[in-house]
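Everything below concerns the one structure shown next.
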Amino acid sequence: MPVRPVRVPARRSFGDVLAGIGALVVLVALVGGVPYALLTFVGPPVGPELLDPGVWTGRVGPSTIVAVLVLLVWLAWFQLFVCVLVEVYAGVRRVGMPARVPLSGGMQFLANKLVSAVLLLFTAGAMVAPLVKLAPTPAAPPVTAVAYSAPIVEHTLETPKTKKVYVVQPPHGRHHESLWEIAEKCLGDGRRYPEIYRLNQAKEQPDGSRLRMADLIRPGWVLDMPEDAKNVHIVPADQPRSQTLREHPGRAQVDRDAGRDARTGEKGEQGGKGEQGGKGEQGGKGDRKTDGKELETPGRGETEPRRPGEQQIDQQPVVRESQDGDLHQYLAAASLAAAGLLLVLARRRREQLWRRMFGRRIVRPRDDAAQAEVALRLGGDAPGARVLDVGLRMLGAELAAQHRTPPIVYGAHLSARNLDLWIHPPDEDPPAPWTATDGGQIWRLPAHEGRLLPDPAPQPRHGRPPYQADAGGHARAGGAYQAGFGGQVRQGGAPYPGLVSIGTDAGGRVLIDLEAAQGLINVRGPQTTAALAAIAVELATNRWSDRMRITLVGFGAELTAIAPGRIRAVGGLAEVLPELEAGAAPREEVLTGRITGGSRTAHYLLSAVAPTHEEARRLALLARRDTAGYVVAGEVPHATWTLEIGEDGKARIAELGFEVDAQLLPRRHYRALIELFRTADRHEGEAIPEPEPLEGLHLPAVEVRILGPVEIDGLPPLEEGRMELATELLVYLATHVGGVHPVVLGGVLWPRGVQDMVRDATIARVAEWLGPRHLLTDEAGRLRLGPGVRTDWAVFRELVRRAQADSSARAVLLEKALGLVRGPLLAGRRPGGYSWLAADDLEYDVSAAVADTAHQLCEIRLANGQPDAAVAAIRAALLLATDDEALWRDLLRATHATQDTVRLRAVVEGLARRAASHPYGGGMAPETEALIEELLPTWRIHVVRESSA
């Protein structure tokens with residue numbers, strides 16, 4: 001019969017007891033001994049000398065000065081006494097961060113240390129978190145913004161060969177487990193999370209990763225727990241974590257050998273039960289094999305259904321993928337792909353705005369899809385993508401002007417300083433501003449020169465004016481990247497559309513040209529499909545290509561959600577080989593055609609299915625005479641280059657001497673991207689949440705203005721270098737009135753991770769900046785702003801809410817609300833900051849609410865015969881909601897109501913120019929063009945005449 005655990009009192013070390021007794025003696029001496037000594041030797045706080053009215057008019061003598069000094073000593077003691085009371089209350093009641101006593105930085109720190117030691121001596125149950133010291137002291141402990149309980153160390157009579165563990169569960173909806181929640185569930189107090197962190201810090205988990213930061217844990221991890229933990233598993237002390245996970249999986253089963261996903265618990269796509277494929281293994285029909293596995297359809301743990309006639313490839317053995325890791329780990333690192341994806345996503349969002357209905361906002365991403373967009377915003381290198389795009393196009397145009405054939409570019413290196421092209425054969429005469437180095441083997445474009453290059457002017461297509469997108473072509477089908485963004489072809493063409501990233505080295509990003517191999521490129525390794533998916537995504541969204549077609553074999557059918565005009569997926573090589581053989585084109589002819597603006601479509605084949613011997617022979621012959629790029633998984637004996645993806649995440653091409661950190665798109669990241677773009681294709685919209693009423697519209701003590709350039713009114717500026725981060729923290733708290741825990745706040749402001757002491761020091765600095773009245777802490781440790789801090793966005797919503805309830809003053813209130821709009825939301829924000837907006841309602845709510853308010857006011861003004869006031873209302877909203885096409889239609893109607901044809905024509909011409917040069921492309925919405933046709937039938941003649949001039 002097992003012995004039932006019995007709790008016994010915790011043991012303290014001799015040092016703990018001495019420290020507690022010493023602190024108690026000092027505390028009693030300060031709190032009781034000091035006033036006793038003062039009363040005995042010097043008297044009460046206010047002596048007779050200070051009570052004499054003549055002290056204010058007569059001469060000040062030595063006795064008066066002594067009385068003033070006595071009063072100051074009494075005041076100092078009283079301040080210490082208040083600090084002790086505050087610290088005792090915070091420690092015993094566990095209210096979170098102790099309240100800050102004004103002007104008592106060092107004194108409150110001393111009280112904090114003494115009270116913590118005494119409470120630990122008597123109760124072993126509470127420890128007050130140290131506050132920030134205003135004056136630097138070498139012995140100060142790390143700053144923390146959250147109080148936590150001291151470890152309650154309780155021994156049991158269990159066998160010493162066992163331990164308690166907790167298995168981190170997968171996310172449920174939008175909810176992810178954290179150390180705080182686990183401590184709350186298992187230890188009874190979330191503030192004990194540091195105990196769990198210390199027990200598991202740097203220990204290897206079943207997926208091979210380690211706990212480095214307290215706010216970054218993963219499902220499937222096995223955490224050692226304190227001995228008093230509840231709701232845990234009891235296992236042998238020497239049992240490996242992987243075995244613990246197999247025996248106690250919960251909902252987070254991870255079987256590395258079977259290729260299970262540590263985050264979802266879903267099986268990898270395997271042909272047999274528990275089989276593990278590898279190089280040289282055969283399965284399915286014939287001698288076909290694969291080094292990767294199909295990517296699963298997002299939201300399902302199964303492969304894509306086969307179409308009629310599709311070869312049966314889903315029964316082939318596969319090689320397991322590595323663990324997916326944090327969403328930021330790969331998406332933020334793929335800087336060029338992130339820049340392209342953001343551009344395509346912005347084009348889809350613009351189309352969503354074309355169809356947005358009054359009173360609804362566009363659908364925003366959730367969960368992993370939202371975090372994927374956060375990662376893209378963090379990592380997107382739009383300046384680098386532009387240098388690569390404009391630099392290559394300019395190079396092609398200059399070579400065309402000199403009647404020279406572009407050299408073969410087999411690789412490129414993009415860094416913050418230069419864009420280098422590795423060319424063959426060597427040539428020491430590149431067109432300026434390019435320069436030659438290393439004997440002409442490298443053509444270099446300095447980054448500062450690339451940034452100064454102008455964008456090539458767009459050319460009209462098929463006789464259409466430049467404002468109009470190709471209604472039936474690539475721009476609509478595939479997004480803003482197609483046909484030079486919105487149906488426009490850039491002058492000079494794109495000479496090297498097959499350049500694609502394979503990874504990064506210490507200096508920057510390394511790319512290879514898939515066409516330069518002039519043969520097959522073989523991909524091998526356990527993460528083949530993740531590498532192929534990353535290549536496909538960057539090819540499909542890059543800026544430095546015009547027309548492109550990508551054929552994916554055996555994977556990636558869902559990527560058509562990102563680029564339907566560029567990507568197609570097939571089940572086997574036999575489906576596409578005849579077509580490829582019929583369409584082969586000589587390499588030199590294609591390169592020359594590209595730089596002179598030719599219309600030939602670049603084609604690339606990426607296959608996760610290893611070819612048969614006959615298919616490999618046909619592909620090798622085809623690749624030697626065709627300009628297309630062929631990337632094939634498996635053992636391919638005829639390959640020109642071999643891209644080896646190692647277990648260590650390195651990508652190696654021995655033939656080129658490249659070794660880089662591989663650019664990968666693992667399964668979870670792939671699913672998140674697909675869901676993000678599927679969300680951007682939804683046009684039904686979402687209801688805008690109703691705002692909470694404000695108590696009044698009085699002028700606040702601190703106003704945070706976000707409806708335009710970010711401004712903080714009512715606070716002094718901080719020192720240079722700290723203001724921007726402090727402002728972002730304040731904006732986040734001001735727009736999340738329910739409160740935010742410091743751990744969550746750290747993940748928001750530093751999505752790549754940050755040390756606790758840096759996070760807490762920043763919070764403490766903002767707390768000091770705001771003052772104790774404006775930054776509060778609730779019982780759960782959450783930070784929130786006091787009622788004296790308010791945003792102009794909150795005032796805007798309150799004015800609109802009151803306008804709906806008061807029809808007589810509606811127009812005035814709506815006009816007053818629009819008067820708060822000064823420009824784009826949070827204009828002038830710090831570079832790389834505010835990435836959290838991608839996973840927040842704020843951007844979506846503000847844009848929709850401002851546009852709807854302007855539309856409502858416009859209708860009221862037009863009904864009252866005030867078209868000029870209607871125009872003013874719309875123009876105010878366009879400062880913020882520039883891409884809301886409904887506002888432009890309202891502007892057209894309001895301007896037409898003024899009966900000023902010249903003014904109307906100016907609006908139409910401005911709208912046409914804007915559509916032609918819009919960074920996201922796509923022209924104008926069909927409804928807008930139809931309205932222009934109705935209001936100004938001759939508009940096309942004037943616009944074409946202007947563009948020709």
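For reference, positions follow the sequence shown, starting with 1. Please read all numbers here as calculations on a predicted model, not as lab measurements.
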**Fill in**
Taken to the nearest 0.5 Å, the spacing of Thr777 OG1 from Leu783 CG works out to 5.0 Å
**Request:** Calculate, to the nearest 0.5 Å, the distance between atoms CG and CD belonging to Asp238 and Gln243 respectively.
**Result:** 9.0 Å
**Asked** Side chain of Asp713, backbone of Val702: donor and acceptor closer than 3.5 Å?
**Response** no
**Request:** Check whether any side-chain heavy atom of Val374 lies under 4.5 Å from a side-chain heavy atom of Leu837, and answer yes or no.
**Result:** no
**Asked** What is the distance from atom CG of Leu114 to atom SG of Cys83, rounded to the nearest 0.5 Å?
**Response** 11.0 Å
**Atom CD of Glu690: over 12 foreign heavy atoms under 6.0 Å** = no
**Asked** Between Gln169 and Val167, is there a donor-acceptor pair closer than 3.5 Å when you use the side chain of the first and the backbone of the second?
**Response** yes
**Asked** Leu199 and Pro226: which non-hydrogen atoms are nearest, and at how many Å?
**Response** CD1-N, 3.5 Å
**Request:** Output, in order, the C-alpha distance, side-chain angles, deciding distance and verdict of side-chain contact (heavy atoms from CB on, under 4.5 Å) for Val704 and Thr727.
**Result:** CA-CA 9 Å; Val704 183; Thr727 298; over 6 Å; no
**Message:** Do Arg705 and Val710 make a side-chain contact, defined as non-hydrogen atoms from C-beta onward lying under 4.5 Å apart?
**Reply:** no
**Asked** Are Arg765 and Glu768 close enough for a salt bridge, meaning some N to O gap below 4.0 Å?
**Response** no
**Prompt:** Should the heavy atoms of other residues, nucleotides or ligands under 6.0 Å from CD of Glu692 be counted, would the total exceed 12?
**Reply:** no
**Prompt:** How many angstroms lie between CD in Glu195 and CG in Leu187, if you round to the nearest 0.5 Å?
**Reply:** 6.0 Å
**Message:** Please report the interatomic distance OG1(Thr162) to CD(Gln239), rounded to the nearest 0.5 Å.
**Reply:** 11.0 Å
**Message:** On a heavy-atom basis, which atom in Ala734 and which in Val737 lie closest, and how many Å separate them?
**Reply:** O-CG1, 3.8 Å
**Complete:** Test salt bridge (charged side-chain N to carboxylate O under 4.0 Å, His left out), reference Asp224, set Lys163, Lys164, Arg198, output is Lys163
**Request:** For Gln371, check side chain to side chain donor-acceptor pair (under 3.5 Å) against everything at least two apart and list the hits.
**Result:** none
**Message:** Using modelled atom types and a 3.5 Å cut-off, is there a donor and acceptor pairing between side-chain atoms of Arg782 and backbone atoms of Gly739?
**Reply:** no
**Request:** Check the pair Ile182 / Ile196 against side-chain contact (heavy atoms from CB on, under 4.5 Å), numbers first and verdict last.
**Result:** CA-CA 9 Å; Ile182 294 172; Ile196 307 176; 4.0 Å; yes
**Prompt:** Under the side-chain contact (heavy atoms from CB on, under 4.5 Å) criterion, do His233 and Thr244 qualify, and how do the steps go?
**Reply:** CA-CA 9 Å; His233 300 292; Thr244 301; 5.6 Å; no
**Minimum heavy-atom distance Pro44-Leu39, with the two atoms named** = CA-CD2, 4.1 Å
**Step-by-step side-chain contact (heavy atoms from CB on, under 4.5 Å) determination, Val740 to Val748** = CA-CA 10 Å; Val740 185; Val748 168; 5.8 Å; no
**Prompt:** Under 3.5 Å, is there a donor-acceptor pair between the side chain of Glu703 and the main chain of Ile712?
**Reply:** no
**Request:** Could you pull out all residues at least two apart from Val31 that satisfy side-chain contact (heavy atoms from CB on, under 4.5 Å)?
**Result:** Leu27, Phe81, Val84
**Prompt:** So, Glu843 side chain and Ala838 main chain: donor-acceptor pair closer than 3.5 Å or not?
**Reply:** no
**Prompt:** Crowded around Arg784 CZ? As in, over 12 foreign heavy atoms under 6.0 Å?
**Reply:** no
**Asked** Do the non-hydrogen side-chain atoms of Leu842 and Tyr732 ever get within less than 4.5 Å of each other?
**Response** no
**Item:** All side chain to side chain donor-acceptor pair (under 3.5 Å) counterparts of His736, not counting sequence neighbours
**Value:** Asp840
**Request:** Identify the heavy atoms of Pro206 and Trp221 that sit nearest to each other, and give their distance.
**Result:** CD-CA, 4.4 Å
**Item:** Beyond-backbone contact of Val168 with Val222, side-chain heavy atoms, under 4.5 angstrom
**Value:** no
**Request:** Please name the pair of heavy atoms, one in Val795 and one in Arg790, separated by the smallest distance, quoted to 0.1 Å.
**Result:** CG2-NE, 3.5 Å
**Asked** Considering all heavy atoms of both residues, which atom of Pro35 and which atom of Leu30 are nearest to each other, and what is their separation?
**Response** CD-O, 3.9 Å
**Asked** Less than 4.5 Å apart, any side-chain heavy atom of Asn200 and any of Arg210?
**Response** no
**Item:** More than 12 heavy atoms from other groups under 6.0 Å of CZ on Arg830
**Value:** yes
**Prompt:** Looking only at atom types and distance, does a side-chain atom of Glu798 sit under 3.5 Å from a main-chain N or O of Leu694, one as donor and one as acceptor?
**Reply:** yes
**Asked** In terms of the angle between their ring planes, are Trp793 and Phe796 parallel, tilted or perpendicular, with boundaries placed at 30° and 60°?
**Response** parallel
**Asked** Measuring from Ile217:CD1 to Leu179:CG, what's the distance to the nearest 0.5 Å?
**Response** 4.5 Å
**Message:** Just so I know, are the side chains of Trp769 and Met723 near enough to count as touching, which here means a heavy-atom distance under 4.5 Å?
**Reply:** yes
**Message:** Can you tell whether the side chains of Arg192 and Asp189 come within less than 4.0 Å, N to carboxylate O?
**Reply:** no
**Asked** Are any of the side-chain heavy atoms of Leu729 and Ile763 separated by less than 4.5 Å?
**Response** yes
**Asked** Do Val73 and Leu69 touch side chain to side chain, with heavy atoms closer than 4.5 Å?
**Response** no
